[in-house]
Each structure stands twice: as structure tokens, then as C-alpha cells.
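Structure first, then comments.
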Amino acid sequence: MGKPGDLTGEQWQAVEHFSGPLLVLAGPGSGKTRVITRRIARLVERGVDPRNILAITFTNKAAKEMAERVSRLMPGSRVWVSTFHRFCASQLRRYAELVGLQSNFTILDQSDQTSFLKQVMSELEQDLGRFSPGLIASKIGRAKNRLLTPEDLRPAVEDNYGDPLEAATAKVYALYQKELLRANSVDFDDLLLHMAVLLREHEEIRERLDYRFEYVLVDEFQDTNIAQYEIVRAFSVLNPNLCATGDPDQSIYGWRGAEIENILRFERDFPGTQQVRLEMNFRSTQSILHAADHLIVHNTYRKHKQLLTNNGLGKPVQYWEFEDADAEAEGLARFMVEEVEAGRRAWSDFAILYRVNSLSRRLERACVRYRIPHQIASGVAFYERAEIKDLLAYLRLINNPHDIAAFRRIVNTPVRGIGKQTQNKIMRWSAVEGIDLLEACTQANRITGLGKKAMFSAQLFARMMSEFALSDTGSVEGLLRKVIEKTRYTYGWDNTHASEDDVHRLSNVNELIASAAAYDHSVDGESSLEGFLEESTLVADLDNLDPLSGKVSLLTLHSAKGLEFPVVMIVGLEQNLLPHERSLRENNRREVEEERRLLFVGITRAKSELILTRAFRRDLRGKPETSIPSMFLPELALGQSETPPVAGTPLSNTSSDEAIERHKLKLREQLAALTANKKPLLMTGASLMNGSKEAVAFPTNFAVGMRVRHPQQGYGQVTEMGTGIGSRRTVTVQFESGVSETYVAQKSALQPVGIG
DNA sequence: AATTGTGTAGTTTTT
DNA sequence: CTACACAATT
């Protein structure tokens with residue numbers, strides 16, 4: 001078969017590779033995803049059953065994109081595309097008992113994990129005060145990523161001269177793990193650890209899965225840790241058709257246990273590996289790649305690799321300096337408005353990247369001020385809010401009555417007279433008797449030392465919980481509504497003296513109900529509690545980003561990996577921020593190199609324009625600090641910036657003020673025209689600018705602050721956009737009548753009537 | 001047991 | 001600046 005014209009020789013080589021181990025070293029923008037999806041299609045073409053192909057990614061977003069591209073090439077094909085964590089969760093549900101769990105186990109998210117760990121540490125009643133739970137948590141996580149059990153750490157405990165931190169870690173780890181099993185719960189790292197242990201200890205299961213997953217493809221291989229490596233290796237014994245793709249220069253998860261060495265190990269562990277290098281970059285201009293190249297050669301711990309492109313020189317990389325963070329945000333906002341106003345760019349062409357989430361606040365505020373449609377891949381995460389966590393904890397406890405973390409969270413929320421002491425007694429009773437927590441509550445009369453009132457409250461709680469079952473309503477939405485009603489969780493939040501916070505909380509609750517309804521809908525009568533719960537804990541902030549939203553994207557450098565934008569702006573090119581101060585502490589070369597790779601990743605996201613900024617003064621934890629230019633700046637070998645960095649703003653005030661006014665006016669006029677036409681859908685700002693008709697097809701583009709009309713409720717204002725995407729995206733509207741409602745955007749009868 | 005107030009320390013990146 | 005721990009009060 002001849003090489004198709006749309007592939008380079010190397011790409012074709014990778015696509016055509018049939019059996020045996022394959023390592024694809026793919027530089028940024030080298031068409032890696034395209035190669036993987038094409039190869040999958042090619043495998044099927046050669047007669048491989050799609051059910052025997054497993055493609056693993058790190059993020060939901062990447063999985064979703066890959067699945068879409070595969071189904072575009074082969075409509076209706078059954079290739080399994082999943083993230084490591086989701087894949088492991090689904091396998092563990094099947095083989096739970098073999099690792100000491102039940103199939104309805106709870107997956108604890110980061111914050112649940114921390115509070116669980118704190119509890120365990122306090123139970124140890126030892127002088128662990130010197131070590132923060134966060135530190136211990138990261139040590140335990142590291143151990144799990146390396147497949148080390150508490151026993152493996154034991155030597156450190158027994159050695160009196162050993163590091164006290166190591167000793168403490170080993171001790172806490174042992175109890176933590178024991179308690180997790182008792183709570184029928186796992187943390188994120190356990191999903192990988194349990195899976196790896198399962199495969200290691202049960203050869204017959206390993207063989208079965210190895211046989212089933214004849215072809216395994218792993219994306220972003222440089223980010224795998226030992227646990228992940230062992231899992232995919234276990235699937236590649238019988239048929240060593242493992243295909244790993246990655247780029248050592250884009251390894252940015254060392255702090256999470258990722259081992260670049262896995263790429264080097266690969267060729268050793270899989271003899272006869274064919275290696276393909278994709279070095280041709282189809283994404284960026286020469287100017288951008290020039291900067292990326294000059295930066296990355298400063299890493300000593302690296303194999304040489306040149307970035308080649310046939311693209312043009314393009315605009316020079318810009319470096320702008322501002323007085324402070326506000327001026328920086330303002331300057332970028334004005335720049336974007338000017339570009340869009342001049343018809344050179346659409347909003348969705350822009351992305352603003354930053355090292356830490358805390359920098360997003362000001363950037364977002366500037367976007368709101370300039371009425372720039374934008375989306376953020378984080379902010380105050382919806383699923384982190386107390387009211388959401390509480391309600392999910394009810395569902396968790398219903399689903400898994402051993403869930404200690406959920407029990408502690410809601411047994412006395414809303415307050416029902418079951419305080420700390422009572423809780424501890426109940427938990428101890430359940431441990432001693434070997435029964436679940438709700439059963440222990442039912443038996444409260446048998447617990448010694450429990451007051452009459454406490455006993456009564458506990459039994460009442462148990463009785464209430466026993467009335468909750470998914471089978472009643474068949475839908476998660478129905479069950480959730482029942483929980484809210486019976487617990488009176490939202491009591492008083494909607495009456496006349498409800499505070500602003502109450503109203504806000506209520507709208508969050510409504511959004512959760514809407515997302516439960518969307519879940520019920522998406523699984524079409526196959527609702528399961530753990531399905532919904534898994535969905536809510538394994539979603540990432542990144543999943544908020546909708547590439548078709550027609551908005552500016554705000555995201556961290558980490559979450560930008562794998563994405564691309566025509567114009568990329570990276571803020572805060574300052575020492576202690578990028579590189580982050582933690583990497584500079586002990587002059588840790590490896591960590592500084594990871595920071596450099598992080599900037600490399602950010603730079604190589606840009607297709608045609610790259611703008612780097614720095615603020616002379618920046619507020620760090622409340623106090624203003626004078627900044628030092630990033631050590632990476634001179635390494636980039638930048639030329640002169642086109643627009644000299646004028647203090648305060650890189651643009652002339654008058655021209656951009658006019659541009660902004662024109663921008664607002666135009667938006668108003670076109671929105672007015674749109675609503676006059678009775679078109680029920682809102683167009684994106686970008687499509688309004690272009691006058692493009694197609695954009696009418698995207699119905700979910702409401703924005704916070706927008707005025708809307710509902711046939712029943714009348715006029716109102718959008719107060720919040722949900723976290724879902726597509727049919728799961730929700731809108732919360734505060735109506736003039738005082739009512740606040742949440743809708744699934746695609747299905748609602750809401751009509752936009754103006755902005756602000 | 002629960003609420004309120006006061007002080008303190010701690011702050012990267014994500015599944 | 002804010003989330004959290006702890007203390008004092010009802």
C-alpha cells in the first residue's frame with residue numbers, strides 16, 4: 001500500500017507499524033494524535049477486532065477527543081478509549097473482592113483524602129505535628145505510585161537512625177490504608193495501585209486481560225509513573241503490541257511520580273522496539289519554535305532533538321512588561337478587544353496561560369470588565385463547594401454505608417445533635433463489631449456511654465437513611481431530591497431573609513440536581529449511584545473547556561498540555577513564579593528543569609502568536625512584592641518586541657478605548673437584531689463579529705451576567721454557568737421575581753435579550 | 001453540643 | 001487573603 005499524501009514518511013511508518021512494540025517520540029505539534037487515531041483505524045482495517053484495542057490517555061479531554069476522532073474514521077467502532085484512572089476504576093469494580101474491596105467502593109477526591117488522612121493521623125496519637133498532612137499525603141502518594149506497600153517502608157521505621165519523616169510516613173501509611181479498606185474507599189493513587197497489585201497477584205486475570213487487550217496504545221508516556229507502567233506492561237506479555245507515544249521534553253508531572261525513565265526503560269523491557277521520531281512541527285511559526293528550542297537546550301538532562309518546520313517565520317515573540325498584575329490583565333484584555341474589533345481574531349483564538357491558579361482571578365475580572373467571553377479551567381471548582389460535597393456525601397453513604405469520610409461529613413449536617421463524641425463512639429462500635437456505620441447507628445442503644453438524646457438522634461438518622469434507595473425512584477435526580485427534602489438540607493435558603501450566600505448555595509444545589517438529571521438522561525435508564533459518583537469525582541477542571549464555545553480560554557500551563565491556540569499569552573514570567581519558588585529552594589536542578597519544560601509546553605501551544613508578560617509588582621499571598629525577571633527570559637533569545645513595553649499598557653489608550661466602545665456597541669446592536677429576529681439561540685461574540693451564520697448552531701453560549709427571558713419565569717440574569725459540556729451544560733438564572741432556576745442550556749427555552 | 005470569635009499558618013501543578 | 005484549628009462562651 002502506498003503512503004497517503006497527507007502523512008509524512010515518519011508518520012506513515014508509525015501508522016503502518018503492525019505488531020510488536022512501538023515507541024513514538026513525538027515533538028509538540030507533530031501530529032501525534034492524528035498518527036495514533038490513524039493507526040487504530042489501520043489496525044481495524046487489517047482485521048483486528050476493535051474490542052481488542054485499548055487506548056489510554058491521562059485526561060478525560062484527551063480521551064474524549066481521541067474517541068471522537070476514532071469514530072470519525074470508523075463510525076460506530078467499539079474501541080475502548082479511556083483515562084488510566086477511569087479504566088482502572090471500571091476493572092476494579094469487577095475484581096474488587098480480590099484486593100479487599102467491594103464493588104461499590106467510594107473514590108475519594110483530593111480533599112476527602114486529606115481529611116481522611118488527618119483523621120488517621122490524629123488517631124495515631126503520636127507527635128506527628130511536625131509533619132503536615134499535605135506532606136505525608138504526598139509521601140504516601142509517591143510510595144503508591146512506585147508500588148511500595150507500607151511493609152516496603154517498614155525498614156525506615158525500625159531504623160532508629162532513619163529519617164523521622166520516613167518513619168512517620170510508614171506508620172501513617174499503614175493505618176491509612178487499613179482504614180481506607182475498612183471504609184471500602186480508595187484514593188486516586190489506589191486506583192492504579194490496586195490494579196497493579198491485582199495484575200501482579202492474579203496471573204489468571206492478568207492473562208485474561210492481556211489476551212483481551214491485544215493492542216494497547218498509551219499517550220503521553222513520559223507522564224506515566226511506575227504503577228501505570230506496570231499496568232500496561234502486564235497487558236503486553238502475550239501480545240507485546242504496546243505502542244507508547246510521548247515527548248521527554250514535555251514531562252511536567254514529576255511531582256506526581258512520573259518517571260521520564262519509563263521511556264528509556266521501554267526499549268530495554270521490550271526488545272525489538274521500533275522507534276519512530278516525529279520531529280516535524282506543523283503547528284507553530286519559526287519564531288515560536290526558535291524560542292522554544294533555545295529555551296529547552298538549557299536542560300542538561302535531555303536528549304538532543306531539533307524542532308523543524310516548514311511554516312513561515314511569523315510574528316516575533318512579544319515580551320511585555322507591566323506595572324502590576326492589574327495592568328497586565330488590563331493590557332491583555334485591551335489587546336484582545338483590539339484584535340477582535342479589527343477583525344483579525346476571534347475570541348476563541350486566544351488562550352491565557354499561568355503557572356498557578358491564583359493568577360486567574362485578576363485575568364478573569366479584566367475579561368468581565370471588558371465583556372470578553374471567556375472560560376476558565378478551574379476557578380472555585382463546583383465540586384469543591386461545601387453544599388455539593390455534603391449532598392454527594394449523602395449519596396456516597398447510601399451507596400456505601402462503610403464510607404467513613406462521607407459519614408463524618410454529613411452525620412451531623414444539618415445539625416441533628418450527633419456531635420464529635422457520639423460520632424467517635426459510633427465509629428468505634430462499627431469497627432469493633434465489624435458492621436457498617438448505618439448499622440452501628442441502628443444499634444446505638446447497645447453502645448455504652450451514649451446519652452439518651454444522642455442515642456435517639458443516631459437511630460433517627462439511621463432510619464432516615466434507610467429510606468433512601470436508588471431503586472425507589474430509579475433516577476439519581478429523584479433520589480437526590482428526596483435526600484434534600486427529607487434532610488431539609490436547603491431549609492431557609494429560599495425565604496425572604498435568605499442571605500446572598502444562601503441564594504448562591506441554593507443555585508449550586510439546583511445545578512447539582514440538573515447534573516444528576518443529565519446523568520440519568522445520558523445513561524438512559526441505567527442509572528447507578530456509583531456511576532454518578534464516579535463521574536463527579538473523576539471530572540477535572542479541564543473538562544470545563546469547550547473548544548467550540550467561541551471564548552477566550554484561561555488555564556494553567558499544566559492543563560494546557562495537548563491543546564493549541566492561534567494566540568497564546570503566558571503571564572508572570574517572573575522568578576519564583578516561573579520557575580516556581582519551590583523548585584528554586586534547594587537549587588534543585590531537576591525541578592528547575594521541569595519548570596523549564598513547563599514553559600516549553602506553554603510556548604509550543606502557540607500556532608501563530610506568542611506573548612509573554614511580566615508585572616514589576618505582584619501581590620503574593622496578599623502582600624505586594626517586587627518581581628525579578630524569570631531566569632528563562634534570557635534563554636529564549638528573543639528579539640526586540642514589536643510594541644515596546646510601555647508602562648501600564650502596551651497599547652495607546654485612545655485607540656483601544658475607542659475599540660472597546662465600538663466593541664460594546666456592536667455587541668448590543670447585533671444582540672438586539674438577533675432577538676428581534678426571534679432567533680432563540682445566542683451567537684458567540686466571535687461569530688457576531690464575523691457575521692458568520694454557522695454559529696447559530698451552537699446553542700449553549702450563555703454567559704454570566706447576560707439578560708435572558710424565560711416563557712414562564714419572565715426576565716432574569718444569568719448568575720452562573722454549569723461545569724458540564726454539551727448536553728450537560730447548565731445555566732443558572734436569577735429571575736426578577738426572585739426565583740433562581742437552573743436549566744440544561746441546550747434544552748431550556750431561555751432567550752438572550754441583551755448583555756449585562 | 002453548637003456557635004462564635006480569635007489567632008495562626010500556609011499556600012503548585014492534576015487524575 | 002483565607003481556610004483552618006482551637007478556645008471560650010452560651
Completion exercise
The nucleotide from B/dT12, B/dT14, B/dT15 with an atom nearest the side chain of A/Glu595 is B/dT12

Practice task
Indicate whether the side chain of A/Thr106 and that of A/Asp403 have a donor and an acceptor atom separated by less than 3.5 Å.
Solution key: yes

Problem - Out of B/dT11, B/dT13, B/dT15, whichever nucleotide has its closest atom nearest the side chain of A/Arg582 - result: B/dT11

Problem - Electrostatic pair A/Arg597-A/Glu594, nearest N-O below 4.0 angstrom - result: yes

Completion exercise
Among the nucleotides B/dT13, B/dT15, B/dT11, whichever has the atom closest to the side chain of A/His558 is B/dT13

Handout entry: Nearest-angstrom distance from the residue atom CD1 of A/Ile418 to C1' of B/dA2
Key = 14 Å

Practice task
For A/Asp189 and B/dT15, give me the distance from atom CG to atom P, rounded to whole Å.
Solution key: 13 Å

Fill in the blank from the handout: Taken to the nearest whole Å, NZ/A/Lys144 to P/B/dT14 is 20 Å

Completion exercise
Of A/Asn412 and A/Ser583, the one whose nearest nucleotide on DNA chain B sits closer to the 5' end is A/Asn412

Exercise for the section: Report which part of the nucleic acid A/Phe84 touches: base, sugar-phosphate, or nothing (heavy-atom distance under 4.0 Å, all strands). Expected result: nothing

Handout entry: Pair A/Phe87 and A/Phe235, ring centroids less than 6.0 Å apart
Key = yes

Completion exercise
Side-chain contact check for A/Val415: nearest option of B/dT15, B/dA2, B/dT13 is B/dA2

Report all interatomic pairs (protein N or O, nucleotide N or O of nucleotides 4-10 of chain C) with separations under 3.5 Å.
from, atom 1, to, atom 2, distance (Å)
C/dA5, OP1, A/Lys118, NZ, 3.4

Practice task
Kindly state whether the ring of A/His194 and the ring of A/Tyr95 have centres lying under 6.0 angstrom apart.
Solution key: no

Exercise for the section: Before accepting this row, confirm whether a basic side-chain N of the pair A/Arg409/A/Asp112 lies closer than 4.0 Å to the acidic partner's carboxylate O. Expected result: no

Handout entry: CZ (A/Arg585) with more than 12 external heavy atoms under 6.0 Å
Key = yes

Exercise for the section: Using the aromatic ring of A/Phe58 (for Trp, its six-membered ring), decide whether it stacks on the base of B/dT15 within the limits of 5.5 Å and 30°. Expected result: no

Handout entry: Any donor-acceptor N/O pair under 3.5 Å between B/dT13 base and A/Arg355 side chain
Key = yes

Handout entry: Lys/Arg N to Asp/Glu carboxylate O, A/Glu328 vs A/Arg614, below 4.0 Å
Key = no

Practice task
Would you indicate what A/Asn60 reaches in the nucleic acid, counting non-hydrogen atoms under 4.0 angstrom: base, sugar-phosphate, or nothing?
Solution key: nothing

Exercise for the section: Please state the P separation for the pair C/dC4 and B/dT13 - nearest whole angstrom. Expected result: 16 Å

Practice task
Compute the ring centroids of A/Tyr253 and A/Trp255, then answer whether they are less than 6.0 Å apart.
Solution key: yes

Exercise for the section: Using a strict 4.0 Å threshold on nitrogen-to-oxygen distance, state whether A/Glu635 and A/Arg596 make a salt bridge. Expected result: yes

Problem - DNA chain B contacts among residues 419-428 of chain A, heavy-atom distance under 4.0 Å - result: A/Gly419, A/Gln421, A/Thr422

